[in-house]
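Sequential numbering from 1 along the given sequence is applied to the chain's residues.
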Amino acid sequence: MSVVRVAIPLLKGKRKFFLEKGRPWSLAEHVLLAALINKPRTVGELAVAGDVPQRLVLEALIRLMRAGWVTLQQESQGVVFSATAAGRSVVGDEELPKLAKSTSRWMNFVIDKITGTLYRSREMPFLEQRIVERRAARERLVWLRPRDLDAFDDTAGVLATLFEDDEKFLGIEPSAEKMVNRFAIATVRGTSVEGLPPRAPAELIELVKRAARNAPPEPMAKNSPHHDTGRQVSFVDRPAPRSIDAIYRPEDLILGGAMHESVLHEAIRKAKHRIIIHSTFISEQGFALVQAPLIAAAKRGAVIDVLWGEDENKTDAVTTAKTIAKVRASIEAEGLSLSIRVHPFSTRSHAKILVCDDGRSERLSATVGSCNWLSSGFQNYEASIRFSDPRVVSAILEQVADLTRGGDRHWTELTSEMARLASDARLQKPPTGVKAKVTLVLGPQHAQFARIARDAARRRMFVTSHRIGAAARPSVVLPAITAVRENGIEARVFYGLASESPVGASTSHNGHPGSSVLPVLMSKLHAKILAWDDDHVLITSQNWLSADPGESNLRREIGLMVHSKGIATAVIDNFDAAKGDAGAAS
């Protein structure tokens, strides 16, 4: 059997991370502590009462003793465990207080320069180039050509890969240390690939196999061939992002301008710990409406971060950047610049995000949608959706962390702070509500969902967009026409404003009668919605009928795809009612 070595280009890095280590208490441990409040018991008695193995009881008791909540003493019937005064003081809490130790650790990692995947260094053993060249003198070897990728780029990937389940990210020490080039060696025996970790992307494995097929018949040392890896597989070509099992509350569907204004002011009024606002545009008038409530929140102890994207209308006399300078000056005049942090850099994102606590605890909720919170006059029809489910909130905060890195992509102290909030949010208790499948949709990933709607819709497809332009036909209108023609569904498409190059008033597919989709103008429409049938809706910042975010800026647009019973019906019915009211008023 032929054996070929394939050299995979890597970037090796090392950073010092600060973390908190200590897993949360289980319900079983809480129950055991409560049992010992009533009377002292032996391990055997606890095991029988709880119908669990003695080993499990003993392990739990050891942890409780280390916390100082349980003690033991020798009696005639054996070793007896009882609760201490400290244990009695915490047993009534909803959850036992987590005992965590703050520490720091240097972590080595590598990033493959083909797919951009980050690994622990032990997952992907690495070699210097000179060592690989020596092996090439005695072994058949092919080099994979690297791609031009951002390194250390995905906050969620970094935290998921480098941290254990019982570890919480606290921060990263800033470092000017550059990442260095290294190589991993994969071995191809026949059609099998060895030497890659189990979670290596399928794309990387396939490229390794292709490279092996082009291996020289004999070792060639420094003349060993290089295999071209081609372009990186696009986000559009990848499978749909993974869904999150979450809890959704119907009252957290935010529709219409007035409701958005109410939600914003209520959030600021209640928050006592944290407020994060990402508004693509910030106007002086828009910020003036919330400045006094933000100052009041800061005086209650809240830390407020204001982030912005960029002003797409470059002809305006006053750009968003100039507005930011004025706003920062007014906050500094109040002496609150450490509490109300209006950041001077652009995130280069069109996303609209609101994160805040509920005022009763540090529990956070996150709202994603179409509303420019700090420039909207709240006169337009908007659509957003709010979640307090810890898995969704954490996922959104991880994206906020990446947005804080700006154009130069450096991991800043603010990035660490947002990543730490994401770790904290993941530990929140889930709310009560209905079950939902939620998918975080980024930039070019939106195109997948227009195709999914085209193929999955059985009764209707519904789209709203602020603008309409040349991108409407390929991105949304043609998929809608296909669904109408092939599945016999109803397709309704609405827009609020025509760009300089709008699509024609009527669009048909290959001349098929009855398969046209006519985008309809609705004034004061700013919502960005894709929905189908009764249970599927994607609420986003993406202008479905005019924008093509491309792949160069993954977080240019951010949306949430939600599959929950009746959610699309609720959105469409609300829109139809608003449209009817607007028509009656005109």
Side-chain angles (χ1 to χ4, degrees), residues 18-103 163-170 245-247 249 270-274 300-302 356-365 387-394 397 420-433 435:
F18 300 93
L19 59 138
E20 195 175 73
K21 189 172 181 65
R23 69 172 176 84
W25 296 96
S26 68
L27 179 60
E29 290 163 332
H30 201 159
V31 170
L32 285 173
L33 179 60
L36 294 177
I37 296 294
N38 297 327
K39 68 174 184 177
R41 302 172 191 248
T42 65
V43 171
E45 290 171 338
L46 289 167
V48 170
D51 192 23
V52 294
Q54 289 194 20
R55 179 181 57 81
L56 186 150
V57 172
L58 187 57
E59 290 175 356
L61 289 173
I62 290 172
R63 284 201 78 215
L64 292 166
M65 289 176 65
R66 287 174 179 165
W69 297 334
V70 168
T71 187
L72 63 82
Q73 59 188 40
Q74 182 70 45
E75 295 189 359
S76 58
Q77 70 267 39
V79 177
V80 175
F81 295 84
S82 59
T84 65
R88 293 177 183 276
S89 69
V90 300
V91 73
D93 294 350
E94 185 176 352
E95 293 181 356
L96 293 177
K98 182 179 176 182
L99 300 180
K101 178 183 178 182
S102 296
T103 184
F163 285 78
E164 304 291 349
D165 291 341
D166 64 344
E167 295 176 339
K168 186 179 77 170
F169 172 85
L170 295 179
D245 291 317
I247 298 299
R249 301 182 304 177
K270 286 184 175 180
K272 295 180 180 178
H273 304 281
R274 199 79 197 206
R300 291 195 301 271
C356 57
D357 67 85
D358 61 9
R360 298 187 300 273
S361 66
E362 294 189 46
R363 179 191 187 91
L364 296 171
S365 67
F387 277 92
S388 54
D389 185 283
R391 291 153 292 194
V392 180
V393 175
S394 177
L397 281 169
R420 186 163 58 248
L421 279 176
S423 295
D424 290 341
R426 196 175 290 112
L427 302 177
Q428 292 180 179
K429 185 178 178 181
T432 57
K435 293 181 179 179

Work out which heavy atom in Asp93 is nearest to a heavy atom in Pro97; give both atom names and the distance. OD2-CD, 4.0 Å
Under the salt bridge (charged side-chain N to carboxylate O under 4.0 Å, His left out) test, which residues partner Arg274, sequence neighbours left out? Asp305, Glu417
Of the non-hydrogen atoms in Gln54 and Ala47, which two are nearest, and what is the gap between them? CG-CB, 3.6 Å
Quick check: closest heavy atoms across Val393 and Ala425, and the distance to 0.1 Å? CG1-CB, 3.8 Å
Return all side-chain donor-acceptor pairs below 3.5 angstrom for residues 56-70, not counting sequence neighbours, or 'none' if the list is empty.
unit_1: Glu59; atom_1: OE2; unit_2: Arg55; atom_2: NH1; d: 3.3
unit_1: Arg63; atom_1: NH1; unit_2: Glu29; atom_2: OE1; d: 3.3
unit_1: Arg63; atom_1: NH1; unit_2: Glu29; atom_2: OE2; d: 3.3
unit_1: Arg63; atom_1: NH2; unit_2: Arg23; atom_2: O; d: 3.3

Of all the heavy-atom pairs spanning Val91 and Leu96, show the shortest one and how long it is. CA-CD2, 4.3 Å
Residues at least two apart in sequence or cross-chain that pass side-chain hydrogen bond (donor to acceptor under 3.5 Å, both in side chains) with Asp357, listed by chain then number, are none
Tell me the ring-ring contact (aromatic ring centres under 6.0 Å, His included) pairs involving residues 28-53, sequence neighbours left out? none
Considering all heavy atoms, the nearest Ala83-Ile37 contact: CB-CD1, 3.5 Å
Evaluate the criterion side chain to side chain contact (heavy atoms under 4.5 Å, CB included) for residue pair Cys356 and Lys270; output intermediate values, then yes/no. CA-CA 9 Å; Cys356 57; Lys270 286 184 175 180; over 6 Å; no
Taking only residues at least two apart or on different chains, which pairs with a member in residues 79-89 satisfy salt bridge (Lys or Arg N to Asp or Glu O under 4.0 Å)? none
Are the side chains of Pro431 and Ser365 in touch, meaning some heavy atoms are under 4.5 Å apart? no
Across all chains, not counting sequence neighbours, the salt bridge (charged side-chain N to carboxylate O under 4.0 Å, His left out) partners of Lys429 are Glu94
Closest approach of Ala246 and Val392, non-hydrogen atoms and distance? CB-CG2, 3.7 Å
Got a second to check how far Lys272's NZ is from Arg360's CZ, nearest 0.5 Å? 10.0 Å
Do Leu36 and Ser82 have side-chain heavy atoms sitting under 4.5 Å apart? no
Applying side-chain hydrogen bond (donor to acceptor under 3.5 Å, both in side chains), name anything that partners Lys21, two or more places apart in sequence or on another chain. Asp166, Glu167
Is any side-chain heavy atom of Leu397 less than 4.5 Å from a side-chain heavy atom of Leu364? yes
Separation between CG (Leu19) and CZ (Arg420), nearest 0.5 Å, reads 12.0 Å
By side-chain contact (heavy atoms from CB on, under 4.5 Å) - contacts of Asp51 (at least two apart): none
With sequence neighbours left out, the residues meeting side-chain hydrogen bond (donor to acceptor under 3.5 Å, both in side chains) with Arg426 are Ser394, Glu398
For Gln73, the side-chain hydrogen bond (donor to acceptor under 3.5 Å, both in side chains) test, sequence neighbours excluded, returns Glu75
Who passes side-chain contact (heavy atoms from CB on, under 4.5 Å) against Val79, sequence neighbours left out? Leu72, Gln74, Phe81
At what distance, to the nearest 0.5 angstrom, does CZ of Arg249 lie from OG1 of Thr432? 7.5 Å
Only pairs at least two apart or in different chains count here, so list each ring-ring contact (aromatic ring centres under 6.0 Å, His included) that has a residue in residues 41-63. none
